[in-house]
Amino acid sequence: MRIKNNEVAVFAIGGLNEIGKNMYCVQYQDEIIIMDCGIKFPEDNLLGINYVISDYSYLVKNRKKIKALVVSHGHEDHIGGIPFLLEKIPEIPVYATPFALSLIRGKLDEHGILNTTELHEEHEDTVLKFKKLSVSFFRTTHSIPDTLGIAVHTPLGAVVFTGDFKFDLTPVMNQPSPDFQKMAELGQEGVLALLSDSTNAEVPQFTKSERFVAKSLHDIITGIDGRIIFATFASNLYRVSTAIKAAIDTGRKVAIFGRSMENGVQNGIDLGYLDLPDGLIVDADEINRTPPEKAMILCTGSQGEPLAALSRIANGTHRQISLQPNDTVIFSSNPIPGNTLSVNHLINKLMEGGANVIHGRVNNVHTSGHGGQEELKMMVELAKPKYMIPVHGEYRMQVIHTELAQEAGVPAKNTFVLSNGEVVCFSPEGSRIAGHIPAGDVYVDTSGTADVGNVVVHDRQILSEEGLVVAVATIDYKHKRVLAGPDILSRGFVYMRESTELISQAQKHVYHVLRNEMAKSDKPKDSDIRKAIIENLSDFLYSKTERRPMILPMIIEKK
């Protein structure tokens, strides 16, 4: 991949053909601006994986060109990867809005790199000036406070990244409405390329205002007699503030469970977004002594996360809170792609425990933070981009978004449905696809290790689907004899007591493999013997069962 001296390059390291892992870059000559650095939650087939981050190898290789990481807002799919990026390139200065910055600080502190990171607060009127590029911001609305669009100004015009947005004209919590004037001014000045949120490209309407959901939630909460368990994203201060206001209006005490929820509420208080009266927030002991009609529990776990507070309450493993008859659980969120099964399982578990569960759009307890088709077209009309690159969406969403852009006046030849790592270059002569950079998935497991490779994940999938067979034998290499075994152990493959004939045949099979391999050479290699056992035993078991378990040979050598 080669970028010419007069070209502006735009590429995604994450966020295309997927929901999550948002990370977009603008490069001109020897300067790179990074916009967002998120994670993606794993699909069900990624066993033992907590989340997925991007491959940062191109940025590591070009670290001297990076001028800044600028953040649009504080959701995990836009900031969750920052600690992992900074562990590789600690010198990158990070610019973020106040609420996002408070969340980022918490992440960096957990990783032990807070004191070595250069952090800056950005606002809608902030301008960052570098030698060849500059960055400005414009106000948008989303499902979290302090959301901004980002404009990277280049010699060929601005590359505008909308971030996650909708046009909410009646936002809650005293948040300002979108700055249409500034968006239009960017369009008048000349937008080279628009990178726009595609999440709701399939939704043919305007997205409902957060105030609509706030009224609906308030009406629902004030009509409930028993204890309320309110679950939402810790970062969604709009929903948190709505729940707390309803608790105040109905004379309820509030207990907060989940570390991220505690941190989110505290950040909201510190930044002045939440104004809580004294005595409203109580601990677990007091909420357990409070009459049900005067109690509300605010917790994490709306995505069915097994270790979150709500899942532990549902499973009866929470050490402070137990599910009570006539509890009402409100899910004020929609499942993230990949979490639907977990959320459905959690809802079933709660209902089995006797709780009433309120969830979904049908109850008006959630609205999207992303604009529908009419808002997407309006963004194109305001920005008037020369080129259009749909981002933050699965492939079909990106395709539909390009069609919407064409309806709003962008020529079809100037729209790009890209993949992660694909580089598009713009010059005075036009545009071209300039090749690819590394942009694969990197897996992070429960230990926080960010080097779980594809081979490991593949092995886990085999173990989950086909099981494990262990072949154990003691060998005297010197005299070329099998001294003990081979013994066959099955885990998750067949039930050994009911498969004695198969196990016996497998033992004989491995015995003959051992004898044949030792007869081939005066000094047989341990690795050759293991390989032969795996290949031969795998073929034998497949011929008998049409399954291929993982084969683990254990060769004990007599000294």
Side-chain angles (χ1 to χ4, degrees), residues 22 24-26 28 31-37 66-75 78-79 82 92-105 117-197 210 235 237-238 267-268 270-273 369 371 375 378-379 381-385:
N22 292 281
Y24 312 100
C25 299
V26 178
Y28 178 70
E31 295 188 351
I32 295 175
I33 302 295
I34 306 170
M35 298 177 287
D36 290 350
C37 180
I66 301 171
K67 298 303 173 184
L69 164 59
V70 290
V71 174
S72 64
H73 67 285
H75 276 148
H78 293 259
I79 66 169
I82 291 176
I92 299 177
V94 179
Y95 296 81
T97 54
F99 189 56
L101 205 57
S102 67
L103 299 173
I104 292 168
R105 283 195 180 100
T117 302
E118 183 183 337
L119 297 175
H120 302 272
E121 193 169 281
E122 70 189 21
H123 300 273
E124 60 183 283
D125 55 355
T126 299
V127 177
L128 310 177
K129 291 185 179 293
F130 305 101
K131 190 172 181 181
K132 295 163 184 173
L133 299 173
S134 64
V135 182
S136 66
F137 303 89
F138 56 93
R139 189 173 65 245
T140 61
T141 46
H142 184 42
S143 57
I144 187 174
D146 296 344
T147 57
L148 296 177
I150 300 166
V152 179
H153 299 270
T154 80
L156 301 182
V159 176
V160 173
F161 170 48
T162 65
D164 292 2
F165 81 96
K166 65 178 180 180
F167 291 145
D168 192 339
L169 304 181
T170 56
V172 296
M173 262 177 49
N174 297 319
Q175 286 284 295
S177 56
D179 191 341
F180 295 106
Q181 181 177 345
K182 203 164 187 179
M183 296 179 210
E185 286 173 357
L186 282 167
Q188 292 298 322
E189 292 167 6
V191 171
L192 174 65
L194 176 65
L195 282 62
S196 185
D197 174 14
E210 190 67 35
S235 60
L237 279 192
Y238 299 157
N267 289 334
D270 293 343
L271 294 169
Y273 294 134
E375 286 144 293
M378 185 181 290
M379 178 63 81
E381 293 282 4
L382 288 166
K384 302 186 186 312

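It should be emphasised that the depicted structure is a prediction, and the values quoted were computed from it without experimental measurement.
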(message) Testing the 3.5 Å rule here: is there a donor-acceptor pair between the side chains of His75 and Asp164?
(response)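 Absent: no donor and acceptor within the cut-off.
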Spacing of [X] atom [atom1] and [Y] atom [atom2] [to the nearest 0.5 Å]:
X: Leu133; Y: Ile32; atom1: CG; atom2: CD1; result: 10.0 Å
X: Ile33; Y: Lys67; atom1: CD1; atom2: NZ; result: 8.5 Å
X: Ile92; Y: Glu118; atom1: CD1; atom2: CD; result: 11.0 Å
X: Tyr273; Y: Ile144; atom1: OH; atom2: CD1; result: 9.5 Å
X: Ile79; Y: Ile104; atom1: CD1; atom2: CD1; result: 5.0 Å
X: Asp168; Y: His142; atom1: CG; atom2: NE2; result: 11.5 Å

(request) In sequence, state the C-alpha distance, the side-chain angles, and the governing distance for Glu210 and Lys166, and then conclude on side-chain contact (heavy atoms from CB on, under 4.5 Å). (result) CA-CA 10 Å; Glu210 190 67 35; Lys166 65 178 180 180; 4.2 Å; yes
Partners meeting salt bridge (Lys or Arg N to Asp or Glu O under 4.0 Å) with [X] (sequence neighbours left out):
X: Glu124; result: Arg139
X: Arg105; result: none
X: Glu375; result: none

Just jot down the ring-ring contact (aromatic ring centres under 6.0 Å, His included) partners of [X], sequence neighbours excluded, or say none.
X: Tyr24; result: Phe161
X: Tyr28; result: none
X: His153; result: none
X: Phe165; result: Phe167

(message) So which atom in Ala193 and which in Pro385 form the shortest heavy-atom distance, rounded to 0.1 Å?
(response)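 That closest heavy-atom pairing would be C-CB, 4.4 Å.
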(message) If you compare all heavy atoms of Gly163 against all heavy atoms of Asp197, which two are closest, and at what distance to 0.1 Å?
(response)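 Answer, listing the atom of Gly163 first, then Asp197: O-CB, 3.3 Å.
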(message) In the structure I gave you, are the side-chain heavy atoms of Gln175 and Thr141 within less than 4.5 Å of one another anywhere?
(response)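 No - every pair of side-chain heavy atoms lies 4.5 Å or more apart.
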(request) Flag the pair Met183 / Thr140 as yes when at least one side-chain heavy-atom distance between them is below 4.5 Å, and no otherwise. (result) yes
(request) Can you run down the ring-ring contact (aromatic ring centres under 6.0 Å, His included) pairs that involve residues 117-137, sequence neighbours left out, and say none if there aren't any? (result) Tyr95-His120
With a cut-off of 3.5 Å and sequence neighbours excluded, list every side-chain donor-acceptor pair involving residues 96-103.
residue, atom, partner, partner atom, Å
Thr97, OG1, Asp146, O, 3.0
Ser102, OG, Phe99, O, 2.6
Ser102, OG, Asn267, ND2, 3.4

(message) Give me each pair satisfying salt bridge (charged side-chain N to carboxylate O under 4.0 Å, His left out) with a member in residues 179-189, each pair once, sequence neighbours excluded.
(response) none
Counting distance only, does the side-chain N/O of [X] pair as donor-acceptor with the main-chain N or O of [Y] below 3.5 Å?
X: Ser136; Y: Val127; value: no
X: Glu31; Y: Lys131; value: yes
X: Thr154; Y: Leu156; value: yes

(request) Only counting residues at least two apart or in another chain, list the ones meeting side-chain hydrogen bond (donor to acceptor under 3.5 Å, both in side chains) with Ser72. (result)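 Residues passing side-chain hydrogen bond (donor to acceptor under 3.5 Å, both in side chains) with Ser72: Asp36.
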(message) Going by side-chain hydrogen bond (donor to acceptor under 3.5 Å, both in side chains), name the residues that satisfy it together with Glu122, two or more places apart in sequence or in a different chain.
(response) none
